[in-house]
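Model, not experiment: these values are computed from the prediction.
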Amino acid sequence: MSTRIAFLKGHGTENDFVIVPDPENALDLTPAAVAALCDRRAGIGGDGVLHVVRSAAHPEARHMAAEAEWFMDYRNGDGSIAEMCGNGTRVFARYLQRVGHVAEGDITIATRGGVKRIHLAKDGDVTVGMGRARLPEGDVTVSVGERSWPARNVNMGNPHAVAFVDDLAQAGDLLAPPPFSPAAAYPDGVNVEFVVDRGPRHVAMRVHERGSGETRSCGTGACAVAVATARRDGADPAVTGTPVTYTVDVPGGRLVITERPDGEIEMTGPAVIVAEGEIDGKWLEDAAR
């Protein structure tokens, strides 16, 4: 491992990430190393790591290299691997723009959830094509303490349980994953969103992200919330032929989610790079053990 390793720090609606450029996939980012980087006291601090690799250099992304030059090898804050991160995708795109790999306009990025299409707007916002939501059948319940709520099962390439509550305080401290049932609905765990109404096609949410705890924002979660809210409101673009847009407030800001008649979902929001520097390679090597 090299003596000094470049990194950047960025966030999308305060969902924050350590960005590690590694075009040729030369770094061994073990779960322990990722967790150390994300440690907010002993490391750099973040909800996750955006490992920036050329698609052709990563065994999980080589099949996407013809469509997308860059692969977002995303890791949760505890070091576990995630299929997709919506806010992370926006920050990843902003990094590529910052270093000159891409320019304003339309680009593609490879993820474990497939190739994502992104638009870098002149006003600074980033729009990500998040794909289609799947709505698995079956009743799901989530709990906090002695209270339970029915939840909508929404899959955005990763699993979500969306529960509508009267007050976001009912979600509790979200330090531990909210229990859910049946266990078979989410064999690998789930992201849980608690949602309240703010106005017409306007909601607010809190989220416990699988592998990270409560975060200030969750892009795939905001998409899941918009889809679940639309269905609750009787709006299905595939039926009406008309796109539906929801504003979703998260603790770290605001996202705008649009679902189109063909099922494609677009998420628009900010992405900011706040710092860059170097990691001590010896420290990371020791942390990786």
Just checking, any donor-acceptor pair under 3.5 angstrom between side chains of [X] and [Y]?
X: S217; Y: N87; value: yes
X: H51; Y: D73; value: yes
X: H202; Y: D197; value: no
X: T215; Y: E209; value: yes
X: N15; Y: T13; value: no

Kindly compute the distance separating [atom1] ([X]) from [atom2] ([Y]), expressed to the nearest 0.5 Å.
X: I279; Y: T3; atom1: CD1; atom2: OG1; value: 13.0 Å
X: I118; Y: E266; atom1: CD1; atom2: CD; value: 11.0 Å
X: L27; Y: E285; atom1: CG; atom2: CD; value: 11.0 Å
X: D22; Y: H58; atom1: CG; atom2: NE2; value: 9.0 Å
X: I5; Y: L29; atom1: CD1; atom2: CG; value: 8.0 Å

Query - Hydrophobic cluster (4.5 angstrom, side-chain heavy atoms) - remaining members for F180 - result: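 Result for F180 is V140, V142, V144, W149, V165, L168, L174, Y186, V190, V192, F194, V196.
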Query raised in the report: Is V274 isolated, or which residues cluster with it under the ILVMFWY side-chain rule of less than 4.5 Å, directly or via members?
Result: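 Noted: V274 shares its cluster with V272.
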Query raised in the report: Residues two or more places apart in sequence or in another chain: which of them pass ring-ring contact (aromatic ring centres under 6.0 Å, His included) with H101?
Result: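 Counting only residues at least two positions away or on another chain, H101 forms a ring-ring contact (aromatic ring centres under 6.0 Å, His included) with W70.
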Query - Residues that F17 engages under ring-ring contact (aromatic ring centres under 6.0 Å, His included), provided they are two or more places apart - result: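 If we apply the ring-ring contact (aromatic ring centres under 6.0 Å, His included) test to F17, skipping adjacent residues, the hits are Y74.
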Report task. Could you list the residues that satisfy salt bridge (Lys or Arg N to Asp or Glu O under 4.0 Å) with E104, not counting sequence neighbours? Result ->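 Listed in chain order: nothing, the list is empty.
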Query raised in the report: Is the closest side-chain heavy-atom distance between V20 and L50 below 4.5 Å?
Result: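 Side chain of V20 against side chain of L50, heavy atoms only: no contact under 4.5 Å found.
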Report task. Taking the side chain as every heavy atom from C-beta outward, state whether D262 and R132 have any pair of such atoms under 4.5 Å apart. Result ->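 Result yes, sub-4.5 Å side-chain heavy-atom pair found.
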Are any side-chain N or O atoms of [X] and backbone N or O atoms of [Y], one a donor and one an acceptor, separated by less than 3.5 Å?
X: N76; Y: D78; result: no
X: E69; Y: A65; result: no
X: T240; Y: T242; result: yes
X: T111; Y: M84; result: no
X: S212; Y: D47; result: yes
X: R4; Y: D280; result: no
X: D233; Y: A235; result: no
X: S55; Y: R62; result: no

Query - Derivation and outcome, salt bridge (Lys or Arg N to Asp or Glu O under 4.0 Å), residues E193 and R206 - result: CA-CA 6 Å; E193 288 81 26; R206 288 176 63 197; over 6 Å; no
Query - Qualifying side-chain hydrogen bond (donor to acceptor under 3.5 Å, both in side chains) pairs, either residue in residues 218-231, two or more places apart - result: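 Output for this query lists N158-T220, H160-T220, R231-E259.
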Ion pair present between [X] and [Y], side-chain N to carboxylate O less than 4.0 angstrom?
X: K9; Y: D16; result: yes
X: E60; Y: R112; result: yes
X: E83; Y: R210; result: yes
X: R117; Y: E67; result: yes

**Report entry** Joint hydrophobic cluster, M130 plus F71, side-chain heavy atoms closer than 4.5 Å
**Finding:**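 Hydrophobic grouping puts M130 apart from F71.
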